[in-house]
Amino acid sequence: MSTPTKTELPAKYVPAEHEPAVSARWDAAGAFKADPARVLSGETKPYSIIIPPPNVTAALHLGHALNNTLQDVLIRYHRMKGFETLWMPGTDHAGIATQTVVEKRVLAEEGKKRTDFERDEFIAKIQAFKDEYEERITDQLKAMGCSCDWGRQRFTMDEICAKAVREAFFRLFKDGLIYRGKRLVNWDPVTQTALADDEVENEEIEGIFAYLRYPLVHEAKPGDHSPVTWSELAAKGYPGAEKFPEDDQAFVTVATTRPETYLGDTAVAVNPTDPRAGALKGLRAELPLVGRVIPIIEDSYVVLPVALGGDENDAKAKMATGFLKVTPAHDPNDWEIGQRHELPVINVMAPDASISADHGWDDYDPHHGAHVFVGLSRENARQKVLDEFKARGLLEAVKPHVHSVGHSYRSHAAIEPYLSDQWYVKVTDDRLRAAALRAMTEDQRTSQLMLPRESNEHDGKLRFYPDRYAKTFEQWHENLRDWCISRQLWWGHRIPVWSVAWDEYNIPKEQEDQHVLNYEVWIAEGRISFGGPPTGSESKLDRCYVCIGDPKDAEVIAEFEKYGFTQDPDVLDTWFSSALWPMSTMGWPDADKTDDQFDGLLGAFNPSSVLTTAREIITLWVSRMVMFNRYLLAGETDGQLPFPDVFIHAMIQDGEGRKMSKSLGNGVDPLDIIESHGTDAMRYTLCEMTTQTQDVRMPVEKDPETGKNTSPKFDKGRNFCTKLYNAANGFVIRMLSEHTGGEPASVAPGDLSVIDRWMLSRLARATKAIDEATGQYQFSVYAQQLFDVLRADYCDWYLEGVKPTMKTAPAQRVVIQQVLETILRLLHPVTPFITEVLAKPVRELRVGAVEGVTLPDGRDPSLLCTSGWPGVSETLIDEDAEARFERMQNLVDAIRKVRAQHKVPPRRQITLHADPDMVASLSGLGQVTETLAGLDAITTSAPEGEAVPFDFDGVELKLSNLADEVDADTERERLQQQLKDLNGSIGALEKRLSNPGYTDKAPAHLVEETRKKLEQQQAEREAVNKRLGELG
RNA sequence: GGGCGAGUAGCUCAGUUGGCUAGAGCGCCCGCCUUACAAGCGGUAGGUCCGGGGUUCGAGUCCCCGCUUGCCCA
């Protein structure tokens, strides 16, 4: 009962001839559209993945190809399994990265800087760039076969996401979780903007280490101080004080690479274990020329010099004096020390990094002499400080010193740690941090801090794959610092806060009542919220801040702007909107009252099923999604997670273990691979590479013809696909079309021959292994299983083995077809295109079923991607058939080996002489052995002419008719090699068995096995020796 | 400085409670255009499992020390 019209396919598989057409079929069928109604009605279970949105800054690279292939494998697998699947696609605006790229482009093309444009004008340029790259990225994802729900594609700055950002910001602001504070940022003094940490490049520079002396003083009261003498210190037991003239003023020597920052010093620190520390208690240092008197504090951060017990292997200890100048405004470590000791923070620089008294240097007094530095650049001031100290006898030494300094990747200027006002999310608050820690599954926790509570059903559900990444997540949260979310950029979500300096917030008397009334109403209505300092902080804000929930709320804005309020010019860190991605893409905060596109999505698909990403994202993104999802989707207690599973995949490096990068020119473009090898080949290879390790290497080669980078690793995937196509189209489809008739509608395994039962058994095992591997995110195991079952089992053994019988065995033809159709389905998530191409013609061959093999129609059987996942019952696992078939495989291998050694021409048929048991056993396999080993007969009769004996399972078999005359030398050589191998093996076995420890302690079955094996090999050796004797 | 990996054949990698003479793909070499497939088929060679200790009857696998190398965080 064959279908009337058969699908014809070309003889050779050229991916580019099929992939676009297959994509078009998927699109036309709306195959990837998710329907939340089916979930909400309870009809199906949801499976969803939120794409980690690629930056619109650049086209996708191989890491994206890997990341998205793995997601697609999961999505397609679950879709076939019958889940309602949603894979939400989208892109990220990537604030600074994108703005920078566009700035470079505009400078190159128009010779203009960003500041030559109005803000809106420049943003329009970035927007145009974004549109271009978003399209490109979308095309790439489609070319990769990603089965996203394309009708729901999002962008982190589109309207619904912007609304989510405003809502989240407003709520956090209102709840006191967003505050204004000071912090050191990476400041680029040339372009005058803050930079993210990853935009700072560390470079080794040849700098100096300067040793400066700070005179010590007593301070009776502020402004009244007197020198400390060495004799005083000696009296207090200060080691070494006696070496100095008694009446001279004592000093401490600090060592620094940046002498000019001494202008902002607010303390000198000494290690509490330093033997000099005790004598210095209560004393102070006076900064030369500046006149500032600063305390001497104790802090264990200070490195002890080697002479005082410091670590000899520590380079710092060799250079250190044991005294550290503390400049909280100009060094991140000093900032930390300043926080610990509540030191004043004195900024001595202007935004261009020149020395200035106008940006926080409040105790500046030109009469002391520091005026000589004001206005100098950092570099000139550095030299001037050295000169002035030298002139006063306070410069102890200057040594050359190579050290690492952060530079702007844009201007290449040295980064200045610069104090500025920024917005922060108080992620250290229990409502955020604890919620993230409690989210972790308990068996992945290593500390007892904030464990899941029994009372919260959403606690303890977050699991990392592989396990070890849980530790990264845990430690990050335990050492968390508040999150700086403001960026001095134009491209991004503008911070919805308006402010005015207190002393400018003047409301005319007659308007005061109305104004106060207005904002009380607005607060009650949730339209505005006033900000304060961080909870528990004593500091006062210098401005009045109001967050306006809706930036289009003209009434409110007009009112505040009337009193001088202006909107914050900064934008939010990109990760703020990314943190909302699992919610915003599904329509939050208006999930159920906007258009159909979002209706029910949040309820049906949040939490999503898994997040698939790279490990550097655990801290930047995963943490923040967990905190925001739990906080914003919560009632009184912590709410649900954005996803229960986090899968972290490997990073692809080049063949030398280097990161792939543009500057090294070692990147591989996925589109080039798709062009040269086909998408399926790329996907297969990427899956196979995805083991549980951190990094995988991909040797990169430049194609001499195209000049494009490629890698030989993809050949395996391409060859695999070719094999599949040749087997399916070239053999199975052709043969089963030509030979039909009499197929049973249902085939019972018991009625089948050994080779069929073996094949079904192998298929059952592979299916089981694949299901298990997928549940554990073991993509490499999945790919390996596919390779083994298709190539090794189905093509190399099964199809070769059934050749002589298939034409006359209708039931066997059913097995051939059913197994192929099952394999196509198993393969589909990894290699979707070629399997979709083959699915129709293979399905058209279906004439019967095998009991235990189910091939469900799924949602829509006209496409493989919406067909059901195959079920292969474990009852098909047949140990007996496997044992018999494997024995035959070993025999065929042994015969092939003899053939090769005797150089028997491939086509020459030879004769196997065996004992009756063996012959009987082989005859149960049909003609399989003869076909695979190239035999004309298997017989119990003795060879007539010359024959070559060989050993198999301890039994001597013979092969005859190898050649017109057997070459004795070849045979002797073969036997001698065999003897050598046997001697080695027998020696090892004897040694093991003569060890009483082994026979007494090892499991009995292992000892027994070893004995049997020894006996068998000894028998083989005897036979080989005998044969060698006969040869003479 | 803290954390996490990796080191097994020329290359890329498997090796799951410790147990056959350590495997695969590619590459090398040999033989084959055998009627699905030369992007293929059959076969050979190739390994002190980074080094050193330890536990064990038995270690690529577990423990300790070291070397090399990569990534993340500070």
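By convention in this document, chain letters (A, B, ...) are assigned in the order of the sequence lines, proteins followed by strands, and residues within each chain are numbered from 1.
- With sequence neighbours excluded, no residue forms a salt bridge (charged side-chain N to carboxylate O under 4.0 Å, His left out) with A/Asp467.
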Summarise how protein sits on nucleotides 21-31 of chain B as a single string, 5' to 3': B when a protein heavy atom is under 4.0 Å from the base, S for sugar-phosphate-only contact, - for no contact. B---S------

Evaluate the criterion ring-ring contact (aromatic ring centres under 6.0 Å, His included) for residue pair A/Phe647 and A/Tyr465; output intermediate values, then yes/no. CA-CA 5 Å; A/Phe647 173 70; A/Tyr465 297 83; 7.5 Å; no

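- Residues that satisfy the ring pair (Phe, Tyr, Trp, His ring centres under 6.0 Å) test with A/Phe473, not counting sequence neighbours, are A/Phe464, A/His477.
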Nucleotide-resolved protein contact map, nucleotides 2-8 of chain B, B/S/- at heavy-atom distance under 4.0 Å: -SBBS--

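- Of the N and O atoms on the side chains of A/Gln927 and A/Thr805, not one donor lies less than 3.5 Å from an acceptor on the other residue.
- Among the nucleotides B/rU69, B/rC71, B/rA39, the one closest to the side chain of A/Arg697 is B/rU69.
- When each of B/rA39, B/rA36, B/rU12 is scored by its nearest atom to the side-chain atoms of A/Lys713, the top-ranked nucleotide is B/rU12.
- Pair check for B/rC71 finds B/rG3; Watson-Crick or G-U wobble, both atom distances under 3.5 Å.
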Please list, pair by pair, any protein nitrogen or oxygen found under 3.5 Å from a nitrogen or oxygen in nucleotides 58-61 of chain B.
none

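- Aromatic rings from A/His18 and A/Tyr13 are positioned such that their centres are separated by under 6.0 Å.
- Of the candidates B/rA74, B/rA39, B/rA14, B/rA39 carries the atom nearest the A/Thr722 side chain, counting heavy atoms from C-beta on.
- At a cut-off of 3.5 Å, with distance as the only test, no side-chain donor of A/Glu688 or A/Ser780 sits close to an acceptor on the other residue.
- Under 3.5 Å, the side chains of A/Arg1021 and A/Asn983 contain a donor-acceptor pair of N or O atoms.
- Nucleic acid contact for A/Glu800: base, since at least one base atom lies under 4.0 Å from a heavy atom of the residue.
- Between the P atoms of B/rC50 and B/rA45, the separation comes to 24 Å (whole Å).
- You'll find that the side chain of A/Lys897 is closest to B/rG43, out of B/rA14, B/rG43, B/rU35.
- Residues A/Glu772 and A/Gln776 have side chains that never bring a donor and an acceptor to within less than 3.5 angstrom of each other.
- For the pair A/Val732 and A/Ser780, both in contact range of RNA chain B, the more 5′-proximal nearest nucleotide belongs to A/Ser780.
- The nucleotide B/rC62 finds its pairing partner in B/rG54, both defining distances of the Watson-Crick or G-U wobble pair being shorter than 3.5 Å.
- In the model, A/Glu800 has no side-chain atom that pairs as donor or acceptor with a side-chain atom of A/Thr931 under 3.5 Å.
- Distance from the side chain of A/Pro699 is smallest to B/rU12 among B/rG19, B/rU12, B/rC72.
- Where A/Arg907 and A/Gln901 meet RNA chain B, the nucleotide closest to each residue was compared, and A/Arg907 sits on the side nearer the 5' end.
- Closest to the side chain of A/Lys723, out of B/rU34, B/rA74, B/rC37, is B/rC37.
- Each of B/rG43, B/rC13, B/rA36 was ranked by its minimum atom distance to the side chain of A/Asp893; first place goes to B/rG43.
- Partners of A/Asp654 under the side-chain hydrogen bond (donor to acceptor under 3.5 Å, both in side chains) rule, at least two apart in sequence or in another chain, are A/Arg658, A/Asn666.
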Show the numbers, then the answer: is there a salt bridge (charged side-chain N to carboxylate O under 4.0 Å, His left out) between A/Lys768 and A/Asp771? CA-CA 5 Å; A/Lys768 186 166 179 256; A/Asp771 279 326; over 6 Å; no

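- Backbone-only engagement by A/Gly730 is indicated by non-hydrogen atom pairs under 4.0 Å involving sugar-phosphate atoms exclusively.
- When both pairing distances are held under 3.5 Å, B/rG31 makes a Watson-Crick or G-U pair with B/rC41.
- For the residue pair A/Thr710 and A/Glu701, no side-chain donor N or O sits within less than 3.5 Å of a side-chain acceptor on the partner.
- Within the 4.0 angstrom heavy-atom criterion, base atoms lie near A/Arg718.
- When Watson-Crick and G-U wobble pairs are counted only if both distances are under 3.5 Å, B/rU21 pairs with no nucleotide at all.
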